[in-house]
Amino acid sequence: MSNHAKSTKTSSKNMTVKLKVWRQKDAKTEGKFENYSLDGVSASMSFLEMMDLLNEDLTKKGIAPVEFQSDCREGICGTCSCFINGQAHGPERGAATCQVYMRKFAEGETIVIEPWRAAAFPIIRDLVIDRSPFDRIIAAGGYTGAKTGPHADANSILVPKPDADKAMDAAACIGCGACVAACPNSSASLFTSAKITHLAMLPQGHPLRERRVLRMVEQMDKEGFGHCTNIGECQSACPKEIKIDFIAQMRREYLAAVVNQRPESKSGGSG
Amino acid sequence: MKTNFASSTLGRKFVMAITGLLLVGFLVAHLSGNFLLYQKEGSLFNAYAQKLASFGVLLYAAEVGLVAFFGFHAYNGIRLAFLKQRAKPVKYAVTQSKAGNSKWGLASNNMMVTGSVLLVFIVLHVIHFKYGRGLAEGYAVQVNNEEARDLHRLVVEEFKKPLITVLYTAVMVMLGFHLRHGIWSAFQTLGLTKENNSNKIYFVGGVLGVFLGFGFLTIPLYIYFFV
Ligand code: HEM
Ligand code: SF4
Ligand code: FES
């Protein structure tokens, strides 16, 4: 709210921001905040462009640049991950760090930049974190069983529109980890539930439905994420606005799978 | 595949949600009974207490059940609180909610604090009243021509003490906070929420939670000031 008010304050002229950035050499070394003052920031720069500017500045001064993650810079890859002024991906809802613009910040404002903090996401360096636990959750069951061979006809399996919509909403998750970052318990429930719901809503996902939820939940726990206390901060932090209704669905799926307890077939496959 | 339901994070929360809701059910009954304390003479309350006591074995079974619900709820709550500590060992220098549809707040962020207060309180509360002064100490009254414990007298005497009244009131505020988030949370944990009812459940759960906390809280205050 206050951020919207701020946005009008800053013109497109150059501004100065004070940055308080987490610096950490590697997972084993203790980190600390460093303060930098950065001139020549324009309101129309993206947050990551501002970080680029900072790094040019630091390099010129002979200071090691701040390591941070990014790839697409258009909100689709889920690589960027800064905890900005106490909020995952910064002040804007429905946006990843790379989609946040400097007009959201006021002239002379101090901006605190931290990495995602969760035991399951070790810090590799500065703001760079290791998100491989998400890959292992996906590998545990986030796939469908499909026949190889010629490409199947599109629409050969009909999907009811509401189910398709729900699957698409869930599939919007880009795996950025903001949900874990924002959660006081570092729970990965929003991410995991989005992946589970996405496939559970589609006929192609049905053969492995129960096995999937059991395995993915087990992997989620194994990775050392916390439990979900239904605070729902994740859904406000999520750049794709994934809803915690999917977490409720994950629990229904899990309960159904536990109650059924079908023995797992040795031969696997899509059934 | 072998599933460790009871020790999974989802399983633990299922247990907490079920036991939590059963405890809420008990609180509704308990508060309904307590509202009899609004009758100043206390005959209704004593008759009610006498009736409950007359259930004998049934009452005993219900009490054992309550202690068990409580135990499972608190045990899993404490286990999960330790997990939280392990999962987020380093805290942020700054945190602020992104608002929107987040339930972030005093109630949701302090379930362990309010829960722990309730845990200590309930032990003391049972000692205070259930095992408090009774027939042996001469707190006797006639109910239906039989001698019964004058529980009403004990309650009134206790809530005439400022410290006791202040403490009970403070704990009931904690209860209100615990349930403001807890009731909604249990529905969400059990997967009973969907897109179209989630906000309604959050609202109604909050109202019921605050009503319970507030309802209990009015009784010591009423006795302190008006009886
Ligand atoms: C009058 C007694 C109590 C009632 C009616 C009650 C009710 C509830 C309910 C309905 C929930 C929501 C469960 C869920 O999220 O699925 C809850 C959560 C919780 N309760 Fe209680 N509770 C009581 C006592 C306690 C005690 C004694 C403790 C503690 C040590 C405790 C600790 C917690 C914690 C930590 C949570 C959050 C669970 C989580 O999400 O991790 N509660 N409570
Ligand atoms: S659910 Fe949202 S916040 Fe979590 S990983 Fe997916 S896109 Fe990121
Ligand atoms: S860099 Fe790809 S989502 Fe931000």
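Everything numeric here is computed off the predicted structure, so don't read it as measured data. Naming convention: chains lettered A, B, ... in sequence-line order (proteins, then strands); numbering from 1 in each chain.
Residue contact with chain A, scored on non-hydrogen atoms closer than 4.5 Å, involves the side chain of B:Lys13 exclusively. Heavy atoms closer than 4.5 Å to chain B are found in the side chain of A:Phe33, but not in its backbone. In this structure, the portion of B:Ser198 lying under 4.5 Å from any heavy atom of chain A is its side chain and not its backbone. For chain B, the nearby parts of A:Ala181 are the backbone and the side chain; heavy atoms of each come within less than 4.5 Å. Neither the backbone nor the side chain of A:Cys234 comes within less than 4.5 Å of any heavy atom of chain B. Only the side chain of B:Phe14 comes within less than 4.5 Å of a heavy atom of chain A; its backbone N, CA, C and O stay farther away. Only the side chain of A:Phe83 comes within contact range of chain B, judged by heavy atoms closer than 4.5 Å.
When each of A:Arg252, A:Glu210, A:Gln235 is checked for heavy-atom pairs under 4.5 Å with chain B, A:Arg252 comes out on top. Interface remark: of the candidates A:Gly224, A:Ser187, A:Gly90, A:Ala257, A:Gly90 forms the most heavy-atom pairs closer than 4.5 Å to chain B. Your options are B:Ser7, B:Pro89, B:Ser97, B:Gly105, and the one with the most heavy-atom pairs under 4.5 Å with chain A is B:Ser97. Note: B:Leu10 leads B:Asn109, B:Thr193, B:Leu83, B:Leu10 in heavy-atom pairs under 4.5 Å with chain A. Counting heavy-atom pairs closer than 4.5 Å to chain B, the top residue among A:Gly232, A:Pro184, A:Gly226 is A:Pro184.
Taking the six-membered ring for Trp, B:Phe129 and B:Phe159 have ring centres closer than 6.0 Å. Between B:Phe216 and B:Phe211, the distance separating the two ring centers is not shorter than 6.0 angstrom. In this structure, the ring of A:Trp116 has its center less than 6.0 angstrom from the ring center of A:His89.
Ion pairing between A:Glu114 and A:Lys20 fails under the 4.0 Å rule for side-chain N and carboxylate O. Salt bridge status for A:Asp126 with A:Arg23: present, with a side-chain N to carboxylate O gap under 4.0 Å.
Between B:Phe177 and the choices B:Val210, B:Val117, B:Asn110, B:Leu106, the side chain to side chain contact (heavy atoms under 4.5 Å, CB included) rule is met once, by B:Leu106.
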> What's the verdict on side chain to side chain contact (heavy atoms under 4.5 Å, CB included) for A:Asn35 and A:Lys18, showing C-alpha distance, side-chain angles and the deciding distance?
Replying inline: CA-CA 7 Å; A:Asn35 293 300; A:Lys18 306 219 167 359; over 6 Å; no
> Does the side chain to side chain contact (heavy atoms under 4.5 Å, CB included) test come out yes or no for B:Tyr168 and B:Leu217, once each step is laid out?
Replying inline: CA-CA 7 Å; B:Tyr168 267 75; B:Leu217 172 161; over 6 Å; no
